[in-house]
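Residue numbering restarts at 1 for every chain, and letters A, B, ... go by the order of the sequence lines. Just so it is clear, the structure is predicted and the values come from calculations on it, not from any experiment.
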Amino acid sequence: MFIDNILSTARRNLTIQTRAYPVHFFVGELMSCFFTVLSSFFIYSIVFKGKVSDSFIRFSGTSDYMSYAILGSFMYLFVVRTFLNVSRSFITEMREGTLDSLLISPVSYMGYLSGNMLEQTLVTTGELLAAIIITSPFGLKMPDINAAAALLCIGITLVSLFGMAIILCGIMIYLKDTYLSQNTVFSVMYLICGITFPVQYLPNWVQNISNLIPVTYSLRIFRSSILAGSSIASQAGDFLMLAVLSIIYFAAGVLLINRIMKKAPERQFI
Amino acid sequence: MLIAKGLKKNYTSKVKTGFLKSTTKKVEAVRGLDLTIEPGSIVGLLGLNGAGKTTTIKMLSTLLEPDEGSCAIDGLDLVKDAFQIKHMVNMIAGGERMVYWRLTARENLEYFGRLYSIPKEELKSRIESLIRFVGLQERSEEAVEKYSKGMKQRLQIARGLINDPKYLFMDEPTLGLDAPIARDLRRFTKSLAKEQGKGILLTSHYISEIEELCDYVYIIDRGLKIMEGTPKEIASIVANCTNKYKIKLNVLPDKLRGQFETFMSTVQSEFQLEEVDGGIEIDVSSHKDIQSELISMLSQQSKIISFTAMEPKLEDAIITLSEVKNYEQVHA
Ligand SMILES: Nc1ncnc2c1ncn2[C@@H]1O[C@H](COP(=O)(O)OP(=O)(O)OP(=O)(O)O)[C@@H](O)[C@H]1O
Ligand SMILES: [Mg+2]
């Protein structure tokens with residue numbers, strides 16, 4: 001039942017995306033990934049003349065700024081794509097006039113959303129492979145990777161992204177807005193979660209906010225596992241925080257979406 | 001059997017009063033509606049724009065939760081047993097929405113079918129027969145966005161039948177369809193009720209459609225039921241509510257004019273006079289059938305060039321009925 005909802009929704013999305021897949025969107029995402037890395041490269045080679053400061057090494061635990069930036073852009077690709085598409089799913093149904101036929105059926109909200117997440121994770125994994133190739137000229141170096149820690153990090157990160165996406169999905173339905181909500185969220189995350197520079201450079205009060213966003217922990221663990229080979233045990237604190245935040249966001253998302261979707265049909269034409 | 005009692009639904013919406021200011025506005029869309037649908041029968045729901053037809057249908061199809069009142073469908077409660085009820089009901093609305101434009105007809109039906117957890121083999125054969133039923137065999141592998149309006153509408157009908165609902169709610173299903181397709185749809189609706197024993201609720205703006213299809217009719221106005229009965233009863237009341245005549249005379253002498261005006265006021269009817277080429281045109285609108293009286297009075301002192309009795313309009317009848325209802329309420 002629930003599984004059927006997930007699989008059929010994932011399959012439906014895959015059909016839509018592969019049929020009328022907006023190629024320019026795919027290319028656009030990869031380009032933005034490329035340019036994020038490219039701009040980091042310029043800052044690194046022109047502003048810092050190829051030398052990172054001691055504070056960067058202290059904060060990030062690596063002196064390889066380019067690998068640091070590339071991994072940040074990979075994570076951001078995942079954040080944007082899964083977050084964006086899952087959170088927009090219900091409001092897209094609303095705009096395209098299919099929300100009624102969906103909600104009239106015995107669909108499970110979470111089954112439906114999980115299907116969207118599953119499909120988007122698969123597609124983004126494909127995009128990630130392309131991104132790895134595109135950014136290869138900048139030389140990602142993984143001298144000492146701890147694969148177990150990196151994989152566990154990705155797993156929990158997906159749960160946290162899903163939880164946040166569900167919350168944003170509810171907010172979008174409530175505000176009937178996609179543009180403002182999603183752009184605010186993405187700009188804020190780009191700036192304060194440590195995508196291109198360590199969060200320690202930010203003012204303390206901003207860091208406090210960063211510490212409430214799971215992506216901050218994900219990035220730290222991801223880089224440390226790949227660049228410095230840190231083990232799960234040695235990052236237990238960060239893993240714990242990431243897991244706790246994921247559970248909180250996920251639970252909040254489930255509670256919120258059930259309440260908001262119940263009222264969604266009557267908010268449709270306001 | 002579907003039995004609804006005292007259904008009520010209010011909408012609250014925000015009304016902008018300034019850049020950042022807004023107040024909430026309450027609309028009482030449905031104000032205590034009783035309604036019964038028996039399996040195998042077609043029930044009509046008539047009303048002017050904004051009467052609350054769509055709201056009623058959305059409540060019955062579990063999309064909106066009623067604020068007050070209750071509804072039992074084959075003994076199940078509309079709100080508490082919503083999940084089971086979803087398997088027993090479906091809705092078809094006029095227009096081209098409610099299906100995925102980027103999927104093919106078959107993919108649409110597959111997706112919706114799986115949401116209803118219909119077993120694979122059964123779903124497959126049901127999709128085949130539905131596609132044939134709505135005549136989309138040749139285009140079933142094409143994306144819906146390439147369909148014409150009528151084809152999209154037909155696919156929507158197939159979607160509404162995918163779970164083989166026992167009760168089907170149709171909200172202006174012939175909206176925007178060509179006459180022949182609308183006729184097909186009416187025939188088809190009839191067979192769903194009479195041959196497959198489905199209980200159907202149908203809204204429409206067309207009295208002829210209602211007369212042709214429905215076994216029983218409810219007329220609602222601003223969320224309240226103002227009348228119910230068989231289409232025959234409704235039609236005769238409609239006919240009685242709004243008699244309109246268009247008369248052309250060659251002359252209207254003062255004496256006849258006086259006589260005519262007195263008669264009009266005794267039967268409480270309205271009229272308009274207009275001098276036209278070669279005579280005088282009179283438009284009469286009356287709550288009573290005064291055709292023979294008019295003819296005999298006018299033909300005595302003038303020559304009637306033409307006399308047309310206009311077909312009664314449902315809209316006029318509803319307006320009249322609701323005026324009467326308001327009057328009764330105020331003077332009760
Ligand atoms: N989502 C909504 N939010 C606020 N008010 C609404 C909403 N939907 C409908 N209304 C209001 O509720 C009343 C009843 O609307 P409804 O759509 O049920 O009428 P209807 O009989 O279907 O009309 P029509 O013949 O135009 O389709 C109207 O006054 C309408 O403006
Ligand atoms: Mg309507």
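- Looking at B:T104, both its backbone and its side chain come within 4.5 Å of chain A, counting heavy atoms on both sides.
- To the nearest 0.5 angstrom, B:I162 atom CD1 is 12.5 Å from A:S101 atom OG.
- Of the inter-residue distances, the one linking A:L99 atom CG with B:R97 atom CZ reads 12.5 Å to the nearest 0.5 angstrom.
- Ranking B:L103, B:T62, B:L64 against chain A, the residue ahead of the rest is B:L103, based on heavy-atom pairs under 4.5 Å.
- Of the atoms belonging to B:Q156, not a single heavy atom falls under 4.5 Å from chain A.
- For A:R259, the CZ atom sits in a loose shell: 12 or fewer heavy atoms of surrounding residues, nucleotides or ligands are nearer than 6.0 Å.
- With respect to chain B, the highest number of heavy-atom pairs below 4.5 Å among A:R11, A:E96, A:R12 belongs to A:R12.
- With chain B as the partner, the residue from A:L103, A:T98, A:L102 showing the most heavy-atom pairs under 4.5 Å is A:T98.
- Taking non-hydrogen atoms and a 4.5 Å limit, the residue list of residues 77-94 of chain B in contact with chain A, ordered by number, reads B:F83, B:K86, B:H87, B:N90, B:M91.
- For chain B, the nearby parts of A:T9 are the backbone and the side chain; heavy atoms of each come within less than 4.5 Å.
- Of the inter-residue distances, the one linking B:E107 atom CD with A:T15 atom OG1 reads 5.0 Å to the nearest 0.5 angstrom.
- If you measure heavy-atom distances from B:R114 to chain A, the contacts under 4.5 Å come from both the backbone and the side chain.
- Considering all non-hydrogen atoms of both residues, B:S117 and A:D4 come closest at CA-OD2, 4.5 Å.
- With respect to the salt-bridge test (charged N to carboxylate O, under 4.0 angstrom), the residues B:E65 and A:K262 qualify.
- The environment of B:Y11 atom OH is dense: over 12 non-hydrogen atoms of other residues, nucleotides or ligands sit within 6.0 angstrom.
- A salt bridge links A:D100 and B:K58; the closest N-O separation between the charged side-chain nitrogens and carboxylate oxygens is under 4.0 Å.
- Interface summary for chain A: among B:Y100, B:F112, B:W101, the most heavy-atom pairs under 4.5 angstrom belong to B:Y100.
- Note that OH of B:Y111 is 7.0 Å distant from CG of A:N5, once rounded to the nearest 0.5 Å.
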